[in-house]
Asker: 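Quick one: this structure, given as structure tokens, is what I'll be asking you about.
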Amino acid sequence: MRIATWNVNSVKPRLPRLLPWLDQRRPDVVCLQELKLTEFAFDNLIGPDLTERGYEFAAYGQSQWNGVAIVSRVGLDNVERGFSGMPGFPEPEARAISADCGGIRIHSLYVPNGREPDSDHYRYKLDWLAALRDVVAAGPSDVTLCGDMNIAPTDADVFDPAAYVGHTHVTEPERAALAGFGQIGLRDVVRDHWPTARMFSYWDYRAGMFHQDLGMRIDLILASQPVEARVRAAWIDREARKGKAPSDHAPVIIDLDSAPDGDIGPVVPPPSAPRPTRGRPVRLPQAK
DNA sequence: ATGACTGGATAGTCCAGA
């Protein structure tokens with residue numbers, strides 16, 4: 001069984017990338033984030049294309065922002081939009097959906113960004129993660145959290161830790177919130193399989209960041225031990241970030257138990273330590 | 001070339017993204 005997660009940065013302009021990618025990689029379960037569509041619009045836009053490919057799907061959407069979905073051809077049961085005790089900002093946002101797919105409780109997650117450390121939105125992010133942890137701890141033993149966690153687990157998951165000082169995604173409280181899932185038995189599957197590789201899943205659209213491979217690994221698949229034990233491959237599909245009109249995030253893919261029937265792609269990332277930045281330190285692109 | 005922001009809502013720019 002192949003499970004994938006992809007922050008598509010809006011479904012509508014991404015259709016010319018998403019549908020060919022489904023046909024190429026042939027995932028059994030796909031978790032999508034940043035739909036930027038209502039459920040109704042999602043169903044109308046892409047429903048027939050998914051049905052034609054043998055997928056069931058469930059979305060939790062809203063107009064303009066957020067939105068998550070699960071697409072599955074190995075069953076889609078007990079769908080839950082949001083989760084028990086999920087905080088809002090202040091109203092609930094469409095950032096979490098879960099379902100039973102192929103015997104695993106699968107969560108598609110779009111964790112709040114946090115915006116600025118110590119802001120209201122940052123506290124919302126931490127509260128949201130703490131509430132999610134409680135739900136997962138009380139839930140089924142075969143569970144997988146897939147999505148845009150908006151946290152780089154360690155300094156090895158950003159191109160240059162110095163560039164992120166004072167920013168969200170790398171602060172100790174955020175990393176502690178993420179480590180909370182480790183404390184209830186979940187593992188970072190891709191990092192476990194590539195302990196020293198330079199791997200990113202997000203690159204800013206601006207300033208040629210992708211072309212210089214200056215990114216962050218913030219899209220994660222966290223799996224409980226029974227699921228982790230089944231993993232045969234785990235990788236970031238960097239090819240999907242290339243070319244015309246890409247998302248700014250790449251998909252993350254894991255294979256359980258057996259070889260997939262889809263194109264496996266360039267699974268092996270370069271087994272290198274983080275590259276030293278040549279010349280002047282690279283600054284993050286700044287908003288105007 | 002992997003190639004130098006994008007998307008949504010809106011009606012001129014502004015917010016959000018990370």
Asker: Specify the residue among A/Lys242 and A/Thr168 whose closest nucleotide of DNA chain B lies further upstream toward the 5′ end.
Answerer: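 Its nearest nucleotide lies further toward 5', so the answer is A/Lys242.
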Asker: Hey, does A/Leu284 reach any base, or is it just sugar-phosphate, or nothing, if we go heavy atoms under 4.0 Å?
Answerer: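 The answer is nothing, as A/Leu284 stays clear of every strand by at least 4.0 Å.
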Asker: Applying the Watson-Crick and G-U wobble criteria at under 3.5 Å, what pairs with B/dG7? Answer none if nothing qualifies.
Answerer: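 Its partner is B/dC15 (Watson-Crick or G-U wobble, both distances under 3.5 Å).
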Asker: Looking only at side-chain N and O atoms, does A/His121 come under 4.0 Å of OP1 or OP2 in B/dA16?
Answerer: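 It does not, given that no N or O in the side chain of A/His121 lies less than 4.0 Å from OP1 or OP2 of B/dA16.
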Asker: If you measure from the C1' atom in B/dT6 to the same atom in B/dA18, how many Å do you get, rounded?
Answerer: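 So the two C1' atoms sit 13 Å from each other.
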Asker: Report the distance from atom CE of A/Met209 to atom P of B/dT6, rounded to the nearest whole Å.
Answerer: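 From A/Met209 CE to B/dT6 P: 15 Å.
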Asker: Please report, rounded to the nearest Å, how far the P atom of B/dC5 is from the CG atom of A/Asp204.
Answerer: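 Spelled out: CG on A/Asp204 to P on B/dC5 is 8 Å.
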Asker: What is the distance, rounded to the nearest whole Å, between atom CG of A/Asn7 and atom P of B/dT6?
Answerer: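 In whole Å, B/dT6 P lies 16 Å from A/Asn7 CG.
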Asker: Heavy atoms only, 4.0 Å cut-off, all strands: where does A/Asp219 land among base, sugar-phosphate and nothing?
Answerer: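 Contact class for A/Asp219: none.
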Asker: Please give, in whole Å, the distance from B/dA16 C1' to A/Lys125 NZ?
Answerer: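 Computing the A/Lys125:NZ to B/dA16:C1' distance gives 14 Å.
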Asker: At under 4.0 Å between heavy atoms, what does A/Gly243 touch on the DNA or RNA strands: base, sugar-phosphate, or nothing?
Answerer: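 Sugar-phosphate: the residue A/Gly243, judged by heavy atoms under 4.0 Å, touches backbone atoms but no base.
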Asker: Considering only nitrogen or oxygen atoms on both sides, find all protein atoms under 3.5 Å from nucleotides 7-9 of chain B and state each distance.
Answerer:
unit_1	atom_1	unit_2	atom_2	d
B/dG7	OP1	A/Arg14	NH1	3.4
B/dG7	OP1	A/Arg14	NH2	3.4
B/dG7	O3'	A/Ser10	OG	3.1
B/dG8	OP1	A/Ser10	OG	2.2
B/dA9	OP1	A/Gln64	N	3.4

Asker: Between A/Asn66 and B/dG17, is there a side-chain N or O to OP1/OP2 distance below 4.0 Å?
Answerer: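 A/Asn66 to B/dG17 OP1/OP2: no side-chain N or O under 4.0 Å.
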Asker: Quick one: which residue pairs count as a salt bridge (Lys or Arg N to Asp or Glu O under 4.0 Å) with a foot in residues 111-122 of chain A, not counting sequence neighbours?
Answerer: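 Counting only pairs at least two positions apart or across chains, the salt bridge (Lys or Arg N to Asp or Glu O under 4.0 Å) contacts touching residues 111-122 of chain A are A/Asp120-A/Arg123.
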Asker: If you measure from the C1' atom in B/dA4 to the same atom in B/dG8, how many Å do you get, rounded?
Answerer: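 B/dA4 and B/dG8 have their C1' atoms separated by 23 Å.
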Asker: My understanding is that only residues two or more places apart in sequence, or in another chain, count here; which of them pass salt bridge (charged side-chain N to carboxylate O under 4.0 Å, His left out) with A/Arg191?
Answerer: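 So A/Arg191 forms a salt bridge (charged side-chain N to carboxylate O under 4.0 Å, His left out) with A/Asp157.
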Asker: Tell me if the CZ atom of A/Arg238 is crowded by more than 12 foreign heavy atoms within 6.0 Å.
Answerer: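 Correct, the count exceeds 12.
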Asker: State whether A/Tyr110 places a side-chain N or O below 4.0 Å from either non-bridging phosphate oxygen (OP1 or OP2) of B/dA18.
Answerer: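 Yes, such a contact exists.
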Asker: Could you tell me how far apart A/Phe210 (CZ) and B/dT6 (C1') are, to the nearest whole angstrom?
Answerer: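 Nearest whole value for this atom pair: 16 Å.
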Asker: Ignoring hydrogens and angles, does a donor from either the side chain of A/Asn150 or the base of B/dA18 sit under 3.5 Å from an acceptor on the other?
Answerer: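 When only heavy-atom distances are counted, A/Asn150 does not reach the base of B/dA18 through any donor-acceptor pair under 3.5 Å.
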Asker: Please state how far atom CZ in A/Arg241 lies from atom P in B/dT2, giving the value in whole angstrom units.
Answerer: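 Rounded to whole Å, this separation is 13 Å.
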Asker: List the steps, then state whether ring pair (Phe, Tyr, Trp, His ring centres under 6.0 Å) holds for A/Trp128 with A/Phe83.
Answerer: CA-CA 10 Å; A/Trp128 196 95; A/Phe83 52 84; 5.1 Å; yes
Asker: For A/Tyr60, check ring-ring contact (aromatic ring centres under 6.0 Å, His included) against everything at least two apart and list the hits.
Answerer: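 A/Tyr60 satisfies ring-ring contact (aromatic ring centres under 6.0 Å, His included) with no residue once adjacent residues are dropped.
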Asker: Would you please confirm or rule out a distance under 4.0 Å between OP1 or OP2 of B/dT6 and any side-chain N or O of A/Arg206?
Answerer: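 No, no such contact exists.
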Asker: Nearest whole Å is fine: how far is B/dG3 P from A/Asp248 CG?
Answerer: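 Rounded to the whole Å, the gap is 14 Å.
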Asker: Tell me the interatomic distance from A/Tyr202, atom OH, to B/dG17, atom C1', rounded to whole angstroms.
Answerer: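 After rounding, the reported distance stands at 6 Å.
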Asker: Does any pair with a residue in residues 49-71 of chain A pass salt bridge (Lys or Arg N to Asp or Glu O under 4.0 Å), and if so which ones, sequence neighbours excluded?
Answerer: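 Only A/Asp23-A/Arg53 qualify under salt bridge (Lys or Arg N to Asp or Glu O under 4.0 Å).
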Asker: Please write out which residues are connected to A/Tyr122 in a hydrophobic cluster, directly or through intermediates, given that two of Ile, Leu, Val, Met, Phe, Trp, Tyr count as joined at side-chain heavy-atom separations below 4.5 angstrom.
Answerer: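 Once heavy-atom contacts under 4.5 Å are chained together, A/Tyr122 belongs with A/Leu126.
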Asker: Check A/Arg25, A/Arg17, A/Lys242, A/Arg2 against A/Asp237 for a salt bridge (Lys or Arg N to Asp or Glu O under 4.0 Å) and give me the one that passes.
Answerer: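 Of A/Arg25, A/Arg17, A/Lys242, A/Arg2, salt bridge (Lys or Arg N to Asp or Glu O under 4.0 Å) with A/Asp237 is met by A/Arg25 alone.
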Asker: Remember a base hit wins even if backbone is also touched, and classify A/Met216 as base, sugar-phosphate or nothing at under 4.0 Å, heavy atoms.
Answerer: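 Sugar-phosphate, backbone atoms only, no base.
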